[in-house]
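Let me begin by presenting the structure, written as structure tokens, before commenting on it.
Residue numbers begin at 1 in each chain, while the letters A, B, ... track the order of the sequences. As the structure is a prediction and not an experimental result, all values here were calculated from the model. Note that these values count all heavy atoms, side chains included, but never hydrogens, waters or copies made by symmetry.
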Protein chains: 2
Amino acid sequence: MRPFFHPAIEDVEPQAILHALSDPNRAAILAKILTTGVVEACSNVAALGDRVIPKSSLSNHFKVLREAGLIRSERHGIEMRNHARFAEVNERFPGLIGAIINAYAGVDSERAVSTE
Amino acid sequence: MRPFFHPAIEDVEPQAILHALSDPNRAAILAKILTTGVVEACSNVAALGDRVIPKSSLSNHFKVLREAGLIRSERHGIEMRNHARFAEVNERFPGLIGAIINAYAGVDSERAVSTE
DNA sequence: TTCCATAGTTCCTATATTCGGAACCATGGA
DNA sequence: TCCATGGTTCCGAATATAGGAACTATGGAA
């Protein structure tokens, strides 16, 4: 099991961030990390909406977020703790993460209204 | 040759926008349209940076931008005119496009400094 | 008209990505 | 030592992307 790779902040590229967040599941994961501060395990996240995401996919989603520079993961005993690298990334790309998370939040609330 | 399809603004989704702009070529095309107001043809854009983009790829890039709701294209005689749907999209997703374009611009200027 | 150049699209195939099941590894108890 | 838990890795199937070649549409020139 390889150690986690985290890019230095100056190596973080916009295309990687956009690619990572162009998947709604990954965007939801990041949103959850941002609102709760830390997400302690993949399984905590598994119940994102109603759809079940397989473990292997989830593991890959975390990897993509990590390698895009959006989160930092550390193994802590048996589980993994993930936190957002918000301050760094937001300094490098001002407003980017916020605008993206807001965009998804807006659409989600539309959907909630239309199906209630 | 099918007519162009443009999604209604309320059907525009964040993931499509992020996916479209996760390609630096497409981001550069959009940036060019935003700064010049209109881009009048694919070939005007062909000289983006130093890399030559084949016509077929270029055509596809415009299609992706169009279907993501980012640009509006109209055939005008022999050529195509493209303009950004900035106002609409920015109202729906405030700050999103600007933050993305700025992020790329920042990285580009870094690169310019490091190679000068 | 007919012919040609230009601008762009479509088609097609080689290549690259993504998804997810199954097998695996590492850690912390019982 | 053994098991449960939490993740990762591997791998094949499905999907998406890139770009060359052939095609279409338009406007002008002869």
Side-chain angles (χ1 to χ4, degrees), chain A residues 1-6 13 15-29 32-33 36 38-68 70-83, chain B residues 1-6 13 15-29 32-33 36 38-68 70-83:
Chain A
M1 217 171 266
R2 305 178 190 113
F4 293 135
F5 170 72
H6 297 99
E13 302 230 299
Q15 59 259 47
I17 293 181
L18 299 195
H19 172 252
L21 297 180
S22 68
D23 179 307
N25 288 322
R26 285 193 289 259
I29 291 171
K32 191 155 186 173
I33 295 178
T36 65
V38 173
V39 159
E40 300 217 309
C42 286
S43 28
N44 268 353
V45 159
L48 271 179
D50 33 6
R51 187 151 147 50
V52 168
I53 305 173
K55 280 183 1 162
S56 58
S57 304
L58 219 36
S59 177
N60 189 53
H61 286 327
F62 276 95
K63 184 182 177 199
V64 171
L65 289 169
R66 196 161 50 233
E67 297 189 345
L70 289 164
I71 64 175
R72 195 175 290 278
S73 310
E74 48 192 58
R75 276 189 243 278
H76 220 265
I78 196 177
E79 62 187 20
M80 194 172 70
R81 289 194 191 155
N82 299 284
H83 35 98
Chain B
M1 218 172 267
R2 306 181 188 111
F4 292 135
F5 170 72
H6 295 99
E13 303 231 298
Q15 59 258 45
I17 292 181
L18 298 195
H19 172 250
L21 298 180
S22 68
D23 179 307
N25 289 321
R26 286 193 290 260
I29 291 171
K32 190 154 184 173
I33 296 177
T36 64
V38 174
V39 160
E40 299 217 311
C42 285
S43 27
N44 268 353
V45 159
L48 269 178
D50 33 6
R51 189 151 145 46
V52 169
I53 304 173
K55 281 184 359 164
S56 59
S57 304
L58 220 35
S59 177
N60 189 53
H61 286 327
F62 276 94
K63 184 182 178 201
V64 171
L65 289 169
R66 193 159 56 231
E67 297 189 347
L70 288 165
I71 65 174
R72 196 175 290 279
S73 310
E74 47 191 58
R75 275 188 244 276
H76 220 264
I78 195 179
E79 63 189 20
M80 193 172 72
R81 289 194 191 157
N82 299 282
H83 34 98

Please name all residues satisfying side chain to side chain contact (heavy atoms under 4.5 Å, CB included) with [X], sequence neighbours left out, ordered by chain then number.
X: A:Ser73; value: A:Phe4, A:His6, A:Arg66, A:Ile71, A:Met80, A:Asn82
X: B:Ala20; value: B:Arg26, B:Val64, B:Leu65, B:Ala68, B:Leu70
X: B:Thr36; value: B:Lys32, B:Val39

Distance check needed: [N] [atom2] versus [X] [atom1], whole Å only.
X: A:Glu79; N: C:dA26; atom1: CD; atom2: C1'; result: 14 Å
X: B:Met80; N: C:dA7; atom1: CE; atom2: P; result: 12 Å
X: A:Glu74; N: D:dG7; atom1: CD; atom2: C1'; result: 16 Å
X: A:Glu67; N: C:dT17; atom1: CD; atom2: C1'; result: 14 Å
X: A:Lys55; N: D:dC10; atom1: NZ; atom2: P; result: 16 Å
X: A:Leu58; N: D:dT9; atom1: CG; atom2: C1'; result: 15 Å
X: B:Lys63; N: C:dT9; atom1: NZ; atom2: P; result: 10 Å
X: A:Arg75; N: D:dG6; atom1: CZ; atom2: P; result: 15 Å

Exercise. Are the side chain of B:Ser59 and the backbone of B:Ser56 linked by a donor-acceptor contact shorter than 3.5 Å?
Worked result: no
Problem set entry | Sequence-distant partners of A:Arg75, salt bridge (charged side-chain N to carboxylate O under 4.0 Å, His left out), two or more places apart | none
Problem set entry | Distance test, side-chain N/O of B:Ser59 to OP1/OP2 of C:dT9, below 4.0 Å | yes
Exercise. Of the candidate nucleotides C:dG21, D:dG7, C:dT10, which contains the atom at the shortest distance from the side chain of A:Ser56?
Worked result: C:dG21
Exercise. Could you give the distance from CD1 (B:Ile33) to CZ (B:Arg72), rounded to the nearest 0.5 Å?
Worked result: 12.5 Å
Problem set entry | Approximate separation, where rounding is to 0.5 Å, of B:Ile53 CD1 and B:His61 NE2 | 5.0 Å
For this session: Determine, for nucleotides 24-30 of chain D in 5'-to-3' order, which nucleotides have protein heavy atoms under 4.0 Å from the base (write B), from only the sugar-phosphate (write S), or from neither (write -).
Result: B-BS---
Write down the protein N/O and nucleotide N/O pairs, taken from nucleotides 12-18 of chain D, whose separation is under 3.5 Å; answer none if there are no such pairs.
{"residue": "D:dT17", "atom": "OP1", "partner": "B:His19", "partner atom": "NE2", "Å": "2.8"}

Exercise. Got a sec, which residues hit side-chain hydrogen bond (donor to acceptor under 3.5 Å, both in side chains) with A:His76, two or more places apart in sequence or on another chain?
Worked result: A:Arg81
For this session: Locate the shortest heavy-atom distance separating B:Pro24 from B:Ser22; write the atom from each residue and the value.
Result: CD-O, 3.6 Å
